[in-house]
Number of protein chains: 2
Amino acid sequence: MTAISNKVINRLTLYHCLLKYTCKGKPFIASSEIADLLDLDDSLVRKDIALCGVLGHKKQGYVVDELKKSIEQKLGFSERKEVFIIGAGSLGTALVNYADFKDYGIDILALFDNDPNKIGKEIGGKRVVSLEKLSNLISRINIKNIILTVPPQAAQEVTDYAVQCGVRFIWNFTPTVLRVPKTVTVYYENIVSSFMQMQNASIA
Amino acid sequence: MTAISNKVINRLTLYHCLLKYTCKGKPFIASSEIADLLDLDDSLVRKDIALCGVLGHKKQGYVVDELKKSIEQKLGFSERKEVFIIGAGSLGTALVNYADFKDYGIDILALFDNDPNKIGKEIGGKRVVSLEKLSNLISRINIKNIILTVPPQAAQEVTDYAVQCGVRFIWNFTPTVLRVPKTVTVYYENIVSSFMQMQNASIA
DNA sequence: TGTATCATGTGAAAAAAATCACAACAGAGA
DNA sequence: TCTCTGTTGTGATTTTTTTCACATGATACA
């Protein structure tokens with residue numbers, strides 16, 4: 001089981017979306033179809049698929065259902081991943097409501113916030129809890145992942161606290177760079193950068 | 001003016017966040033500081049910075065203010081980019097409220113939706129407009145960019161319509177792959193993939 | 001049954017990205 | 001003033017990623 005690069009993860013996830021929504025009902029799909037839709041080289045698609053251990057069929061392509069399941073397995077979609085959201089603002093709310101998360105095993109347990117008007121209420125069926133309780137809850141149910149959707153000014157402070165509480169992975173939706181110990185992984189969901197990359201595509 | 005790769009754009013944007021929030025007040029910053037915070041090689045940081053045409057100072061590093069401005073210029077943060085959001089659900093709402101967009105020149109003009117309960121209302125200070133009016137508005141004010149935040153089931157249909165209306169760039173927040181003509185660019189904001197990449201970091 | 005076709009699977013080559021290594025030299029401090 | 005240090009800037013190397021090219025062989029169809 002070789003490690004697989006982020007680029008491959010990204011593409012496999014897109015193939016999976018494609019199989020899930022675009023190819024509904026089709027029994028087979030060719031690498032060239034996937035490649036055309038995503039503007040990739042077809043041999044690259046085949047190599048990605050090979051990493052999932054799926055074999056295609058000459059003159060037919062890949063079995064959609066099998067390929068979809070193999071991607072799910074390879075990327076661990078069916079393993080349950082419990083997550084807390086810190087910051088019950090509109091982005092936190094949007095993520096709680098992101099319906100597809102459950103198909104990927106991403107299970108949001110609760111939201112945390114400091115705002116007394118929000119604490120105790122429910123958003124998207126999940127309870128909003130006082131940030132003070134984070135420490136307690138993390139140790140009790142051993143949560144490793146948090147989604148950070150607080151205002152940028154508060155990001156580092158909240159991060160320090162979360163790290164102290166034992167968090168291991170921080171999915172950072174704030175436009176800030178976080179100072180964390182080496183044992184903690186920050187993944188930057190750099191929304192603005194995405195936009196710039198999109199615009200760049202016009203030149204490239 | 002050489003074209004610059006998406007990876008570089010991504011990193012430069014992060015450097016910019018860092019300069020904006022983390023380094024407030026400091027006059028200088030060394031490539032090694034940036035590298036440490038972002039877990040990169042310092043020579044890579046220097047090469048990225050060189051692409052912006054900024055020169056550093058021996059034994060001191062880069063002038064924070066100058067570097068920040070140069071990144072803004074290189075990535076075109078100050079050029080105004082007008083955008084429509086299609087889909088006034090919770091994700092659309094979150095993006096309208098994303099305060100930092102304006103610092104990057106991203107200007108959301110309006111939201112579009114089919115829901116009669118939403119049409120005519122305001123979200124985050126922007127008007128929600130009937131999707132039917134998209135064609136008209138696009139041709140009148142020549143909008144090129146849309147943010148797509150509709151439910152995945154509706155994504156392709158709305159995309160077809162938007163393309164027909166003359167849209168050039170689609171920032172796709174839905175977990176779907178879109179069929180578009182070669183003249184249209186889709187940028188996939190593959191939220192789930194980000195999470196998987198984050199988890200992957202534990203192994204890598 | 002035979003043949004032509006078309007999609008796979010994969011080595012080899014090319015391109016892109018990152019790392020290494022170090023000369024240069026400005027600045028700090030004795 | 002002199003020396004030492006720390007940081008830049010960059011050429012060379014390595015690693016990673018992508019593309020190219022094509023042999024293989026299953027399938028459709030006559």
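As the structure is a computational prediction, the values presented were derived from the model and not from experiment.
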To the nearest Å, how far apart are [X] [atom1] and [N] [atom2]?
| X | N | atom1 | atom2 | result |
| --- | --- | --- | --- | --- |
| B:Lys59 | C:dC25 | NZ | C1' | 11 Å |
| A:Leu44 | C:dA14 | CG | P | 19 Å |
| B:Asn10 | C:dA16 | CG | C1' | 16 Å |
| A:Phe28 | C:dC6 | CZ | C1' | 14 Å |
| B:Tyr62 | C:dA26 | OH | C1' | 14 Å |
| A:Asp41 | C:dA14 | CG | C1' | 13 Å |
| B:Leu55 | C:dA24 | CG | P | 18 Å |
| A:Glu33 | C:dC6 | CD | P | 14 Å |

Exercise for the section: Tell me whether the OP1 or OP2 atom of C:dA17 has a side-chain N or O from B:Arg11 closer than 4.0 Å. Expected result: no

Reckon [X] touches a base, only the sugar-phosphate, or nothing at all at heavy-atom distances under 4.0 Å?
| X | value |
| --- | --- |
| A:Ala50 | nothing |
| B:Lys7 | sugar-phosphate |
| A:Leu40 | nothing |

Exercise for the section: Determine, stepwise, if the pair A:Asn145 / A:Trp171 fulfils side chain to side chain contact (heavy atoms under 4.5 Å, CB included). Expected result: CA-CA 8 Å; A:Asn145 309 298; A:Trp171 192 2; over 6 Å; no

Counting N and O atoms only, with roles assigned by atom type, does the side chain of [X] sit under 3.5 Å from a partner on the main chain of [Y], one being a donor and the other an acceptor?
| X | Y | value |
| --- | --- | --- |
| A:Lys81 | A:Gly76 | yes |
| A:Glu79 | A:Gly105 | no |
| A:Thr176 | A:Leu178 | no |

Handout entry: 5' precedence on DNA chain C between B:Gln60 and A:Ser31 (nearest-nucleotide basis)
Key = A:Ser31

Handout entry: Of B:Ile29 and B:Lys47, the one whose closest DNA chain D nucleotide lies more 5'
Key =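 First, find each residue's nearest nucleotide; the 5'-ward one identifies B:Ile29.
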
Completion exercise
Between A:His57 and B:Ile49, the residue closer to the 5' end of DNA chain D by nearest nucleotide is B:Ile49

Practice task
Grab the two heavy atoms, one from A:Ala162 and one from A:Ile146, that are nearest each other, plus how far apart they are.
Solution key: CB-CD1, 3.7 Å

Problem - Where B:Asp103 and B:Phe77 come nearest, the two heavy atoms and their spacing - result: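 For B:Asp103 versus B:Phe77, the nearest heavy atoms are O-CB, 4.0 Å.
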
Practice task
Using a 4.5 Å cut-off on heavy atoms from C-beta on, say whether the side chain of B:Tyr187 contacts that of A:Met196.
Solution key: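 Contact flag for A:Met196/B:Tyr187 side chains = no.
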
Handout entry: Nearest-neighbour nucleotide for the B:Ser5 side chain, C:dA26, C:dT8, C:dA17 considered
Key =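 Side chain of B:Ser5 sits closest to C:dA17.
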
Problem - Boundaries of the chain B footprint along DNA chain D (any atom under 4.0 Å from a heavy atom) - result: D:dT5 to D:dA12

